[in-house]
Amino acid sequence: MDLLSDIRVRFAPSPTGELHVGSARTALFNFLFARACGGKFILRVDDTDQERSRPEYVDALFNSLHWLGLEWDEGPYYQSQRLPEYGREAARLLAEKKAYHCYCTPDELAAGRAEARKAGKPYLYPGRCRTLPPEEERAFQAEGRPQVVRLLTPDQGETVVVDEIRGEVRFDNSTLDDFIIVKSNGLPTYNFASVVDDEQMRISHVIRAEEHLSNTPRQQLCALLLGYRLPRYVHVPMILAPDRSKLSKRHGATAVEEFRVQGYLPEAILNYIALLGWSPGEEEIIDLAEMIRTFSLDRINKTAAVYDVAKLTWMNGHYLREASLERIAGLAAPFFEAAGLLRAPLAGADLSYLERVVEAVRDRVKTLAELAEASAYFYRAPESYDEKGEQKHFQKEGAAGLLRLAAERLRGLNPFSLESAESAYRALSEELGIPAARLIHPTRLALSGRTMGPGLFEIMVLLGREKTVRRLEEAARYIEGKGW
RNA sequence: GGCCCCUUCGUCUAAUCGGUUAGGACACCAGCCUUUCAAGCUGGCAGCAGGGGUUCGAAUCCCCUAGGGGUCACCA
């Protein structure tokens with residue numbers, strides 16, 4: 001039995017793109033498991049693919065992880081900096097005759113594959129170089145022919161993977177071929193490097209997506225031949241796109257960074273992805289601390305989860321309302337800036353104005369970007385009026401006069417407050433013998449250009465007397481100009 | 001196609017040694033609240049993939065079928 005303190009897990013992304021929600025959830029589960037057990041959460045960058053790995057993605061990955069609050073205890077380690085370790089282990093396998101050099105060219109292999117496909121058979125490397133005559137091998141080396149290293153795998157028997165979630169999964173060794181562990185460029189392949197790393201980093205539990213289950217027997221064989229002890233395997237269910245295919249760019253926003261840019265909150269993303277394949281039991285609105293408290297592997301299910309932005313968005317709206325005004329205003333500021341509504345840095349009156357705007361508007365939106373969009377008229381007069389609104393509230397007998405009358409009342413108000421503005425409107429509508437709504441709706445349109453939004457008198461107070469009166473008069477002029 | 005995994009409302013899930021009117025959340029619909037839109041509250045719609053077994057009793061155990069997914073690289 002592992003000691004609690006020996007629990008060590010790792011998140012090992014390859015820097016070939018942004019952190020997407022699937023990887024983020026894998027990172028989360030690793031993080032939660034480590035924290036729940038008092039173990040260590042290790043970050044490793046699997047960058048042995050020279051073509052596709054990019055340094056800027058390493059930064060992007062780290063940034064997303066930090067932003068989500070998934071801090072690691074150890075690392076980052078880089079596979080590209082551990083090449084001597086893989087070289088040493090490969091040499092050992094070679095010396096022990098558990099691996100061999102292969103000189104087959106990519107063309108030869110491709111031909112074999114094509115043939116297999118024609119015959120409708122699965123392709124397995126036939127092991128041609130297993131028994132290469134020494135003189136032939138010397139000749140290949142003399143001519144400088146590229147070589148790879150293949151693992152000498154058993155042809156018979158079976159490899160049983162014990163998965164913490166799925167139980168025993170059996171693979172017939174005859175379906176596994178002598179796979180490559182060192183590429184012709186000298187770099188290790190994933191199935192080899194990660195096995196070496198997991199051993200040397202004393203990883204106790206390999207928690208990763210189910211797509212890796214099929215690779216696990218290869219890694220297990222590798223570990224066996226290297227004389228390693230096996231980690232526990234935990235293959236968590238996949239996250240699928242709404243069309244039930246593998247999640248990819250064509251399914252819209254899938255990267256954590258994209259959600260950040262759209263105005264999603266880290267706690268909403270974390271909460272939402274935690275629920276994909278795992279269940280906390282009681283309450284499903286939970287923060288990271290609560291996740292750590294309730295996390296356990298046996299509450300992870302086996303079924304792939306379809307990712308549903310609608311629920312994420314709902315959850316984001318929830319957290320937008322729950323969080324402190326100060327925090328949301330601070331997070332929203334860059335979005336207001338991007339919308340050209342204000343300029344940083346914000347302080348004093350500008351900041352408290354922003355907070356009051358956020359307070360008035362946030363119940364009505366689900367993201368920070370929407371928040372900024374829905375708040376525009378608090379920073380500048382409407383450039384146009386909602387078309388349906390015009391028909392309903394402006395194109396009415398006496399609309400302009402009503403607005404002028406209202407402006408007149410407001411101008412003389414002292415103080416100009418929520419209560420005074422409202423009672424002025426109520427009184428005016430009573431005097432005119434019309435419903436208050438006849439006054440309220442066109443006023444809203446005049447002030448905001450929209451037919452929906454916060455309470456009208458809240459808007460007035462936020463705008464202040466001067467702007468309120470001016471916009472009312474502008475609207476009246478506009479209506480008169482149209483000849484309605 | 002071979003191999004592997006999976007199958008509870010449209011979606012995420014609960015029901016963890018077989019006994020529940022199969023529970024919750026999102027979405028949707030309706031009502032309440034209300035100056036609008038939201039938010040909030042209340043209610044509603046909706047599911048054990050199909051077929052065989054085992055059993056007094058099956059969403060739960062077994063088998064088959066169907067469907068979905070993953071993987072078969074000198075990518076990870």
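Owing to the predicted nature of the structure, the values given are computational and were not obtained by experimental measurement. Note on naming: letters A, B, ... go to the chains in the order of the sequence lines (proteins, then strands), and numbering restarts at 1 for each one.
- Considering only residues two or more places apart in sequence or on other chains, A:Thr468 meets the side chain to side chain contact (heavy atoms under 4.5 Å, CB included) condition with A:Leu410, A:Phe416, A:Leu447, A:Met460, A:Leu463, A:Leu472.
- Residue A:Arg362 places none of its side-chain N or O atoms closer than 4.0 Å to OP1 or OP2 of B:rA39.
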Any protein N or O atoms within reach of nucleotides 15-17 of chain B? Criterion: under 3.5 Å, listing atom names and distances.
| unit_1 | atom_1 | unit_2 | atom_2 | d |
| --- | --- | --- | --- | --- |
| B:rU16 | O4 | A:Arg299 | NH1 | 2.8 |

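- For residues 108-117 of chain A, the set of pairs meeting the side chain to side chain donor-acceptor pair (under 3.5 Å) definition, not counting sequence neighbours, is empty.
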Show each protein N/O and nucleotides 64-68 of chain B N/O combination with a separation under 3.5 Å, one pair to a line.
| unit_1 | atom_1 | unit_2 | atom_2 | d |
| --- | --- | --- | --- | --- |
| B:rG68 | O2' | A:Arg244 | NE | 3.2 |

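- Applying a 4.0 Å cut-off to non-hydrogen atoms, the residues of residues 146-157 of chain A that approach RNA chain B are A:Val148, listed by residue number.
- Within the 4.0 Å cut-off from OP1 or OP2 of B:rU13, not a single side-chain nitrogen or oxygen of A:Lys311 is found.
- Contacts of residues 43-52 of chain A with RNA chain B (heavy atom under 4.0 Å): A:Asp46, A:Thr48, A:Asp49, A:Arg52.
- Remark: A:Lys392 is not in phosphate contact with B:rU36, judged by side-chain N or O atoms under 4.0 Å from OP1 or OP2.
- Cation-pi geometry between A:Arg44 and A:Tyr78 is not satisfied (NZ or CZ under 6.0 Å from the ring centre, within 45° of the ring normal).
- A close approach under 4.0 Å does occur between a side-chain nitrogen or oxygen of A:Lys183 and OP1 or OP2 of B:rA76.
- Residue A:Arg364 places its side chain closer to B:rA38 than to any other of B:rA38, B:rG40, B:rU71.
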